[in-house]
Student: 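What follows is a structure written as structure tokens; I'll ask about it next.
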There are 2 protein chains.
Amino acid sequence: MKSGQVTIKDIAKELNISVSTVSRALAGNPLVKPSTKAAVIELAEKLNYQPNYTALSLRNNTTKTLGVIIPQLVHDFFSMVVRGIEDVAYASGYSVIICNSHESYEREVIDTKTLMNGRVDGVLACITKHTKDVTHFKEFVNRSIPLVFFDCVVDDIDTDKVIIDDYEASYNAVNHLIETGRKHIAYIGGPISLLINQNRYKGYKDALEKHGMSVNDNIVAHCETGDFADGTSSAKKFMDNNQQFDAIFGATDMLAIGAIKHLKKAGKVVPHDISVFGFSNWKISELYEPSLSTVDQPGYEMGRISAELLLNQIRNEDDTFSPKTEILKTDLIVRESSTI
Amino acid sequence: MKSGQVTIKDIAKELNISVSTVSRALAGNPLVKPSTKAAVIELAEKLNYQPNYTALSLRNNTTKTLGVIIPQLVHDFFSMVVRGIEDVAYASGYSVIICNSHESYEREVIDTKTLMNGRVDGVLACITKHTKDVTHFKEFVNRSIPLVFFDCVVDDIDTDKVIIDDYEASYNAVNHLIETGRKHIAYIGGPISLLINQNRYKGYKDALEKHGMSVNDNIVAHCETGDFADGTSSAKKFMDNNQQFDAIFGATDMLAIGAIKHLKKAGKVVPHDISVFGFSNWKISELYEPSLSTVDQPGYEMGRISAELLLNQIRNEDDTFSPKTEILKTDLIVRESSTI
DNA sequence: AAATGAGTTGAAAACGTTTTCATTTCAATA
DNA sequence: TATTGAAATGAAAACGTTTTCAACTCATTT
């Protein structure tokens, strides 16, 4: 910041009145004489006065800022979440500061520390794929800093959470594959340490069993990163092992497309020979050929609800607060890759 | 923020010493007696003391925070820019607050206001596609708040800028199409009001003219949004008008892929019948089939350099500062879509 | 014993606000 | 004229730090 910023003192001095009066005039306090008020406001506008944000924060013991810790930004789903958060925050006069952990555990720990020193009034967080130890998040609770988890949540921290019904979504997706006549359905998913992947796998498993099928572990892969290359290598592994399958459920669009890449290369036709279903509805799933059937997650709504829960926590502060978990419904988007 | 935060006063009271001494002890000031220092530090750790960020900002008249105004986050290029900014900022003890204007002029104006009240020490900005009036940015200069533009810059504001050599990149791309034997090259670009699009178009034009060709306006389109659908409709328009062309240069990967979509539908084979070249090296350009030739922009480096320029401005403050413009080189990535 | 001075410590101001409490002004009333 | 009280204003404290300046303690020197 530069020295040149106009303060309330400058206005007071110029008009030969006290800072108290200037403050009141600007706040619209009815105690101040109309003529004084007019003079103050006129001068404030002339000098382009802006109240000092830092001073306000200190005085009011509130920063009017929310912190967001998110593992990725280049992701249509997360982008919509952020947008939902921002819309709610802005509407209530809050700003948002985003910390991108870049799916790095170390960065996430740093981010929590950054947000722990009174810079924000509350925190919204989605943990990385690699986060197992969560003591850095517990510190928020210790300091009673309002906290809401969304999407990838921490099970044993007792606070508000907003999640997708991953189980149901994947159950429905697999169900769709079965109902379109597929008998041998492979599963390619992300790190099974994450709750969301456990649920997606469980949905897959239960859908099979509901139809009297059972899981064939030879066509199940839990990958480290859930990235494109993992999809390709998993599909390759299945085929190299001479496994028979007529469908793949990928717990991520990237895994699904990675798998399709290999299938094409191996001379298989999607969906004729093998149906493929993804998860997340990335933009690419619509543009890819064949276009990818997938699960649409309500990202905007997730952001909106998370931010609302957080603002409620912030406003309550003293009252006893009982954590809620909101579970959001998803939609199946059936496209070419599973339309036989 | 909650009431429970431990302050320097609490420590002072508990140890029966003054706040000054506590402050000095924690700052490692050698004036304080080793035993006192040890006691202070021990208690601070025990109470989990964290210095109050807001109080520090007010005292030191510096927020140790940089603001970023960026029109999109779901974009591999912008994501890398942010990453570069963050790396430099964090390394110098700065935090980053990102304002996503979502390509909305109104939002951008709000974002500038948000950052204008002393919340940040400096601002990095990339304007939206629709920004024409830039008075909201001039205010930063008026208040002498350090400002750096990157990628989509404002021509008539005199400050540091970091840009891509769009002209050269597009010249080289079109040159490549010509050298691989293409004679009739169409152009599909984004809003021509933006400097970057003017430069990309100029590169296209000059490359043609260098080889004795001239622009055929019937196969040139300057689109409103530069999005996928624009690419499709432009290609359709060219074909509906019975224009002959054997290549398309799309000034955006999305435009290029949108165009390919239509070409495929119309029975053309890419690249056999028509070569296509994109711009930006989105992840999708690698995954799409045929994979898309494109221009790789050094996003990470752009972010790094921008942040460094900004930090220099912040540190200089008083000295006279002469704005620089850095122009970064790009790389051609030739893939299937232009390999005949 | 007094003076010196190094080693420690504390009081207070400052950053820019808001807000409580006290004071001034001045017209209306007694 | 003296009193009242509403209207308007100002002084000062507070938020949590850092830092300047002043002051204290004690061993050492004269």
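Reminder, nothing fancy here: chain letters follow the sequence lines and each chain counts from 1.
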Student: Contact class for L58(A) (heavy atom, under 4.0 Å): base, sugar-phosphate, or nothing?
Tutor: base

Student: Would you say dT9(C) has OP1 or OP2 under 4.0 Å from some side-chain N or O of T36(B)?
Tutor: yes

Student: What parts of residues 22-29 of chain B reach DNA chain D, counting only heavy atoms under 4.0 Å away?
Tutor: S23(B), R24(B)

Student: Among residues 39-51 of chain A, which contact DNA chain D at a heavy-atom distance under 4.0 Å?
Tutor: none

Student: Applying salt bridge (charged side-chain N to carboxylate O under 4.0 Å, His left out), name anything that partners K113(B), two or more places apart in sequence or on another chain.
Tutor: none

Student: Can you tell which of dC15(C), dA14(D), dT9(C) lies closest to the side chain of R59(A)?
Tutor: dA14(D)

Student: So, do V40(B) and V32(B) sit near enough that their side-chain heavy atoms are less than 4.5 Å apart?
Tutor: no

Student: Is it the case that dA11(C) (base atoms only) and S20(B) (side chain only) share a donor and an acceptor within less than 3.5 Å, ignoring hydrogens and angles?
Tutor: yes

Student: Could you please name the option among dT17(D), dA12(C), dG10(D) that lies closest to any side-chain atom of I17(A)?
Tutor: dG10(D)

Student: Heavy atoms from C-beta onward define the side chain here; which of dT8(C), dG10(D), dG16(D) lies closest to that of S18(A)?
Tutor: dG10(D)

Student: Just to verify, what does E42(A) make a salt bridge (charged side-chain N to carboxylate O under 4.0 Å, His left out) with, not counting sequence neighbours?
Tutor: none

Student: Select one nucleotide: of dG16(C), dT9(D), dT18(D), the one nearest the side-chain heavy atoms of T21(A).
Tutor: dT9(D)

Student: To the nearest 10 degrees, how far apart in direction are the end axes of the helix from dA1(C)-dT30(D) to dA30(C)-dT1(D), each fit to five base pairs?
Tutor: 80°

Student: Can you check whether K9(A) has a side-chain N or O nearer than 4.0 Å to OP1 or OP2 of dC15(C)?
Tutor: yes

Student: Answer yes if the side chains of N60(A) and T62(A) hold a donor-acceptor pair under 3.5 Å, and no otherwise.
Tutor: no

Student: Restricting both atoms to N or O, compile the protein contacts to nucleotides 26-28 of chain C shorter than 3.5 Å, with distance only.
Tutor:
none

Student: Does any donor atom in the side chain of E108(B) or T131(B) lie under 3.5 Å from an acceptor atom in the other side chain?
Tutor: yes

